[in-house]
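To keep things clear, I will list the structure first and then write my remarks on it.
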Amino acid sequence: MTTAVILISGRGSNMRALVESKPGIDFTGVVSNRPDAAGLAWAAQQGLATRALDHKAFASRESFDAALAAQIDSFRPDYIFLAGFMRILTEGFIRRFPRRLVNIHPSLLPCFTGLHTHRRAIEAGVKLHGATVHFVTPELDHGPILAQAAVPVLADDTEDSLAARVLAQEHRLYPQAARWIAEGRVRFISDDVVRVEGSGVEGDWILSPRDSP
Ligand code: GAR
């Protein structure tokens, strides 16, 4: 069976969606850069192996990333799923795991890379917003897109209401993308483009259903 490690920094709701969806991946460990991440307690309750690696205890980004890579390697995973992992990774780290690092980002990339994506989407007046699952490359929040989910931006949206609508779709999208990986249906067309083979009528995008919040 395909194996994976999940990296988190906080509440870990995407980790939970991944684990609970049973996408055909054996999640062998959860690593957090914050020892107090709420998601770690949940993972431990599920019987998953957890590790906390406090980034503040490291003198440099490189030394933290080297320790993180060693932790990951100890699990020998096929893939590494970033689920709300809020650390910028060094190029050296990313190049260690080519085509094996997967991330979920709360915007329709390549729009709104970085932080505060929901606030910036409202300020920009876009009418569609969403989430993207992509493979990680050295350029921040870029890399081949595996799947996207779009939601409407409503006239009375606040940052919080829009974030909640996107998060509900993240919880559908990430498990779906993980299942496609587990089924071996993800093909790299080039270093920049992946296609999902036989992803059916819905394709590798999801529009929020009418009943979403
Ligand atoms: C999610 O919205 C995720 O897309 C985002 O952080 C949140 C984590 O929530 N990730 C990023 O912004 C990465 N750049 P969670 O801990 O409940 O999954």
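Nothing here was measured: the structure is a model prediction, and the numbers come from that model. Both counts, for ligands and for their atoms, begin at 1 and track the order of listing. Note: hydrogens, waters and symmetry copies are ignored here, and every other heavy atom, side chains too, is used.
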- Query: Mind checking whether Lys56 and Arg34 have side chains closer than 4.5 Å, heavy atoms only?
  - Reply: yes
- Mind checking who shares a hydrophobic cluster with Val193, ILVMFWY linked at side-chain heavy-atom distances under 4.5 Å? Ile189
- Message: Taking non-hydrogen atoms within less than 4.0 Å of ligand 1, which protein residues qualify?
- Response: Arg11, Gly12, Ser13, Asn14, Gly84, Met86, Ile104, His105, Pro106, Leu167, Glu170
- Query: Taking all atoms of both residues into account, what is the closest heavy-atom pair of Leu146 and Val194, and its distance?
  - Reply: CA-CG2, 3.9 Å
- Task: Flag the pair Arg96 and Asp73 as a salt bridge only when some basic side-chain nitrogen lies within less than 4.0 angstrom of an acidic carboxylate oxygen.
- Result: yes
- Got a salt bridge between Arg179 and Glu183, using NZ or NE/NH1/NH2 to carboxylate O under 4.0 Å? no
- Item | Straight-line distance of Thr117 OG1 to His129 NE2, nearest 0.5 Å | 4.5 Å
